[in-house]
Number of protein chains: 2
Amino acid sequence: MIGITSLRVFVHVADCGNIRDAAARLYRTPSAVSMTLKSLEQDLGAPLFESDRKNRLTALGAEVRGIAAEMLREHDRALERVEAVATGRQGRLQLASVPSVAAELLPGLLAEFLDARPGVTIELVDTDSRSVHAMVADGTVELGIAGVAAPAAGLSFAPLFRDPFRLVCRRGHKLAARAHPLGWTDLAGERIIGNNAAAAIVAEEYRALVAASTLRARNVISLLALVRAGAGVTLLPQLATVSLTPDLVALPLADPAAEREVGVVLREGRSPSPVCRAFLGGLTEACRAPISAARPLDGAGERQ
Amino acid sequence: MIGITSLRVFVHVADCGNIRDAAARLYRTPSAVSMTLKSLEQDLGAPLFESDRKNRLTALGAEVRGIAAEMLREHDRALERVEAVATGRQGRLQLASVPSVAAELLPGLLAEFLDARPGVTIELVDTDSRSVHAMVADGTVELGIAGVAAPAAGLSFAPLFRDPFRLVCRRGHKLAARAHPLGWTDLAGERIIGNNAAAAIVAEEYRALVAASTLRARNVISLLALVRAGAGVTLLPQLATVSLTPDLVALPLADPAAEREVGVVLREGRSPSPVCRAFLGGLTEACRAPISAARPLDGAGERQ
DNA sequence: AATGAACTTCAGTTAATCTGAAATATGGGT
DNA sequence: ACCCATATTTCAGATTAACTGAAGTTCATT
């Protein structure tokens, strides 16, 4: 059988015009090249060169050289692509994330990641935690970044970081003057604007407060607009508060349990694609050493 | 390094959904397939299948399968082409021939040859012997069929058959009544129409006769038209006379030296392409056993 | 005809790949 | 939850393919 290596040897010899140089290029001895060539000619049943000095091709040799050279180019290109895909230098990554991470953490990370891997395509969807889990579960996206959810069948959750909730109010609000973290009792009488993120808070006191409230917003933009307009105050994870406009402030809470846990959601039993794996590496690293992240996580605490 | 055989094994397993069937297709034992697959995954640095039962691909596996399958198709196609070219089932044959052979011998031979080799292209030029040699010498055609010429540098001549000259005249001509082969003296007083083919006759007597003649034609059509019109008689190789119209006859000559030798002209030091070699095989066979040829050579002698 | 460079041949070695047997893992059925 | 049939993996030994280095041959040149 004619092998691809034989043809590669032949093309090199045809290019070089002699065996010695071709052998050097192939990191083989001339004798190895000579034998390979001989067996190729035997397989073909006809000579490829006119003379022993391999500087003139036969008609057959010229045809075979053309076909083989093209085939080798295709082959090498395909192999390169396979390797690129396997190492995550090429491929598509579909991911879903909660808005806060998508807005504050991902932009810098993704830009850096794409710069380093020109062959990679990324599709990012930002939606609430519940939808992120759903999209991972049904295969719409490969990777999700969200808070913990009820342990659904076939999903895995790996924690990335914990993120304490803050009270967001107008700068002139009376609570903004408080020097110490706020207890739940401090919020009595305030109108709490409910939101999806804050649904992660398990404290009974908060649940009672928000149950009493009559206002609820889904989108962060409109939520903050309500606060800015004096319609009430709200609770948001710290990460969602790092880019507040100057007329709003984010105040720490005393309850250490008032926090969400953000992590990575994957489909169980599906080994992530190399692109995904590579991105996960960058993501966990960015969360372990937040200083290097585009927007520091802990650094947002300077208003405390 | 990732080899083409590893990828072929992988694609087969992916197609079959299990190792056992793939091994059967590949004429290998399951253990060999398993090991090949393992080493491929090691080379890639990531798994290609989700589980040991090879019925679900990873994201990487799916991508690699696509790339590899295409690459293998290209590879196999190229290899097939190489083999077809090497065995003469595919390729182009440019040949030049003297008109008599081109008209009487080649048509049937070429038709048969092309029927047996659908991938072959043939380009046929018919011209006089001298031009045939020239076209072979300058590489315009690979193969020539012509009479012997002055031994030119770089050309080889291999005899195919000898072809005696005949006198061509009108059926009512006085020479047509002669029961025996004609001697040169019998032609005294006849107007001999000169032609390219007859230039191969070396007999002094003929040379004198034709030198005395004032008429000469290059093309066989016009040559025969002249004879038919009673402008004179001419000498043609027997092969050129097998399809004469009924108003003309071809009479044998007594001089055994009045013949041409037709053979194959090739460029020396160029090994012929496989198509050419295959055609040469058919050609020499047809000339050795002329009964099988479309138009028999010796059978034309029935008028003698 | 002698010379030197390039190629081929040969025998022995090395590396890759395969086989068959045994061990291990998997998934359906009870 | 366990068992069984089936599939896969592992391992050691065997086979095959490919390579090296030395010696021999061929070819063009002087």
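The chains referred to below are lettered A, B, ... by the order of the sequence lines, with proteins before strands, and numbering in each begins at 1. Both backbone and side-chain heavy atoms feed into the values below; hydrogens, waters and symmetry mates do not.
Proximity of A:Ser271 to A:Arg277: side-chain heavy atoms (C-beta onward) are separated by under 4.5 Å at one or more points. Looking at A:Asn18 and A:Lys54, their side chains never come closer than 4.5 Å, going by heavy atoms from C-beta outward. Side-chain atoms of A:Thr127 and A:Val132, non-hydrogen and from C-beta on, do get closer than 4.5 Å to each other. Side chains of A:Phe279 and A:Val120 form no contact here, defined as non-hydrogen atoms less than 4.5 Å apart. The closest side-chain heavy-atom distance from A:Glu142 to A:Leu93 is below 4.5 Å.
For the pair A:Asp76 and A:Arg8, the salt-bridge criterion is met [side-chain N within less than 4.0 Å of a carboxylate O].
Comparing A:Ser51 and A:Met35 by the nucleotide of DNA chain D whose heavy atom lies nearest to each, the residue mapping closer to the 5' end is A:Met35. Comparing A:Pro30 and B:Ser31 against DNA chain D, the residue whose closest nucleotide sits nearer the 5' end is B:Ser31.
Residue contacts for B:Thr5: at a heavy-atom cut-off of 4.0 Å it reaches no nucleic acid atom on any strand shown.
Atom NE2 of B:His75 is separated from atom CD1 of A:Ile4 by 4.5 Å, given to the nearest 0.5 angstrom. With rounding to the nearest 0.5 angstrom, the CZ atom of A:Arg288 is 14.5 Å from the CZ atom of A:Phe161.
Of the possible donor and acceptor atoms, one in the side chain of B:Glu41 sits under 3.5 Å from a partner among the backbone N and O of B:Leu48.
B:Ile4 places its CD1 atom 17 Å from the C1' atom of C:dT17, with the value rounded to the nearest Å. Rounding to whole angstrom units, OH of residue B:Tyr27 and C1' of C:dT19 are separated by 18 Å. One atom, CD of A:Glu50, and another, P of C:dA6, lie 21 Å apart when rounded to the nearest Å. One atom, CG of B:Leu37, and another, P of C:dT17, lie 14 Å apart when rounded to the nearest Å. Taking atom CZ on A:Arg20 and atom C1' on C:dT8, their separation rounds to 16 Å, with Å as the unit.
Proximity of residues 53-62 of chain B to DNA chain D (heavy atom under 4.0 angstrom from any strand atom) is restricted to B:Arg53, B:Lys54. For DNA chain D, none of the residues of residues 8-19 of chain A falls under the heavy-atom distance limit of 4.0 Å.
Residue A:Lys38 has no polar side-chain atom (N or O) positioned under 4.0 Å from OP1 or OP2 of C:dT8.
Along DNA chain D, the stretch of nucleotides lying under 4.0 Å from any heavy atom of chain B spans, 5' to 3', D:dT6 to D:dC11.
B:Phe157 and B:His133 have parallel rings, their planes meeting at less than 30° on a 0 to 90° scale where 60° marks the start of perpendicular.
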message: Pair B:Leu79, A:Met71 - check side chain to side chain contact (heavy atoms under 4.5 Å, CB included), show working.
response: CA-CA 9 Å; B:Leu79 226 58; A:Met71 189 252 270; 3.9 Å; yes

